[in-house]
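In the text below, chain A, chain B and the rest are named by the order of the sequence lines, each starting its count at 1. Small disclaimer: the values here were computed from a predicted structure and weren't measured. Note that these values count all heavy atoms, side chains included, but never hydrogens, waters or copies made by symmetry.
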There are 2 protein chains.
Amino acid sequence: MSASGIGEGPKAQSGKRMPLFLSKYVNKVDKKGRVSVPAQYRAALPKEGVPGVIVSPSLKLKCLDCADYEFIEKLSSGIYGNFGLFTDQHNEVATSVFGDSDLLQFDPNGRITLSDDLRKYANIDSNALFVGLGKTFQIWEPKAFELHRASIRDQAIEAAATMRPVENPGGAL
Amino acid sequence: MSASGIGEGPKAQSGKRMPLFLSKYVNKVDKKGRVSVPAQYRAALPKEGVPGVIVSPSLKLKCLDCADYEFIEKLSSGIYGNFGLFTDQHNEVATSVFGDSDLLQFDPNGRITLSDDLRKYANIDSNALFVGLGKTFQIWEPKAFELHRASIRDQAIEAAATMRPVENPGGAL
DNA sequence: AAAATTACTATGATTTCCCATTGATTCCTA
DNA sequence: TAGGAATCAATGGGAAATCATAGTAATTTT
């Protein structure tokens, strides 16, 4: 495995398709903290391997960052590659990324249970907004997301306008 | 089958020959929000891979932007390539690109169903106008498109007049 | 034993599938 | 070439499957 960053992604070209987390969904959170993960997201998760999602408080935003286990594994490889195993940088990143992460497994109905800490961090009460970010997704308190969304809209449009779809994918992750 | 071996119609095997979305079609939207995607457009979509289209509210116009799944896969690679995983830019772009995109899969009759949000955004009621843009297409409320068309016609004529024919083989019309 | 976690069951609502009808175009044949 | 048959596309409605959600029971943990 190379030491060049988070690379080594799935060969998006032929054969294997890469499922993406798309769109937005609002689901209810019950008294026990249970929420249904949108069926479309569950379908995008790898069926083999570790069942469930990795959830952690976002480093910069008042929301929860979510990904599947494979993604975290690749992330881990990337961190090891960029820094050495026992460097300060590795320690810092690894601590903040992995230390606060929970593996939340699905119950038989496709729900996960958000701990009090997680819910408190994102101010989630009785509704949870799932926002697809491609290879990851976030969980927000709906109103909080609207504010965040409004604050980034102009920059997002500007940044997106500078982008072009690459004809030869396979670059990162 | 053929002996000629040339051309051979819309056979989008490995992306060599890219079929284009052309012309305009008006189809009905029923109470459930279902619309037939024009058969000509369906024929232009890759047959292997995800059966459906990616639909999102246009950033600048009151219409819906549509593309095939490969398109957003390439976008994904581009986003991960251009911006680092944890940068603000990445988050902003991913939020607006993926969060606002829906993967609408075809029902057995070749229809997709537009969510209330999508229809509301584009003011689509009982008729939907499909407008081919080559590699992508748009969905409009018919009257709204007429207004838009009138407003851009002058600019299009002007732009075409300044084009250099040889260097711009696929540019206009 | 009490609390907390996990599993099971049920229900209402939505979504998806299936079939049936229509209109239009293409193909065949006389 | 005109008529007619066959095919395909678009549309509509009802049936079936899926999903989100709530409540309750069972199990584990401490």
- Task: Whole angstrom is fine here: how far is it from CG in A/Asp107 over to P in C/dT9?
- Result: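 Computing the A/Asp107:CG to C/dT9:P distance gives 14 Å.
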- Message: Without decimals, in angstroms, what is the distance between B/Phe106 CZ and C/dT15 C1'?
- Response: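 Distance, rounded to whole Å: 17 Å.
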- What one-letter contact string describes nucleotides 6-21 of chain D from 5' to 3', where B marks a base within less than 4.0 Å of any protein heavy atom, S marks contact via sugar-phosphate atoms alone, and - marks no contact? ---SSBBBB----SSB
- Please determine if B/Lys62 forms a cation-pi arrangement with B/Tyr121, meaning its NZ or CZ atom is less than 6.0 Å from the six-membered ring centre and no more than 45° off the ring axis.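 Yes, a cation-pi geometry.
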- Query: Cation-pi between A/Lys24 and A/Phe130: NZ/CZ under 6.0 Å from ring centre and within 45° of the ring axis?
  - Reply: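 No, cation not above the ring by the 6.0 Å, 45° rule.
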- Task: Could you grab the distance from atom CG of B/Asn91 to atom CG of A/Leu61, nearest 0.5 Å is fine?
- Result: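 With rounding to 0.5 Å, CG (B/Asn91) is 5.5 Å from CG (A/Leu61).
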- Message: Regarding B/Asp30 and B/Arg34, does a basic nitrogen lie under 4.0 Å from an acidic carboxylate oxygen?
- Response: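 Salt bridge present between B/Asp30 and B/Arg34.
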- Check: B/Asp65/B/Ser56 side-chain N/O donor and acceptor closer than 3.5 Å: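 Checked: B/Asp65/B/Ser56 side chains show no N/O donor-acceptor pair below 3.5 Å.
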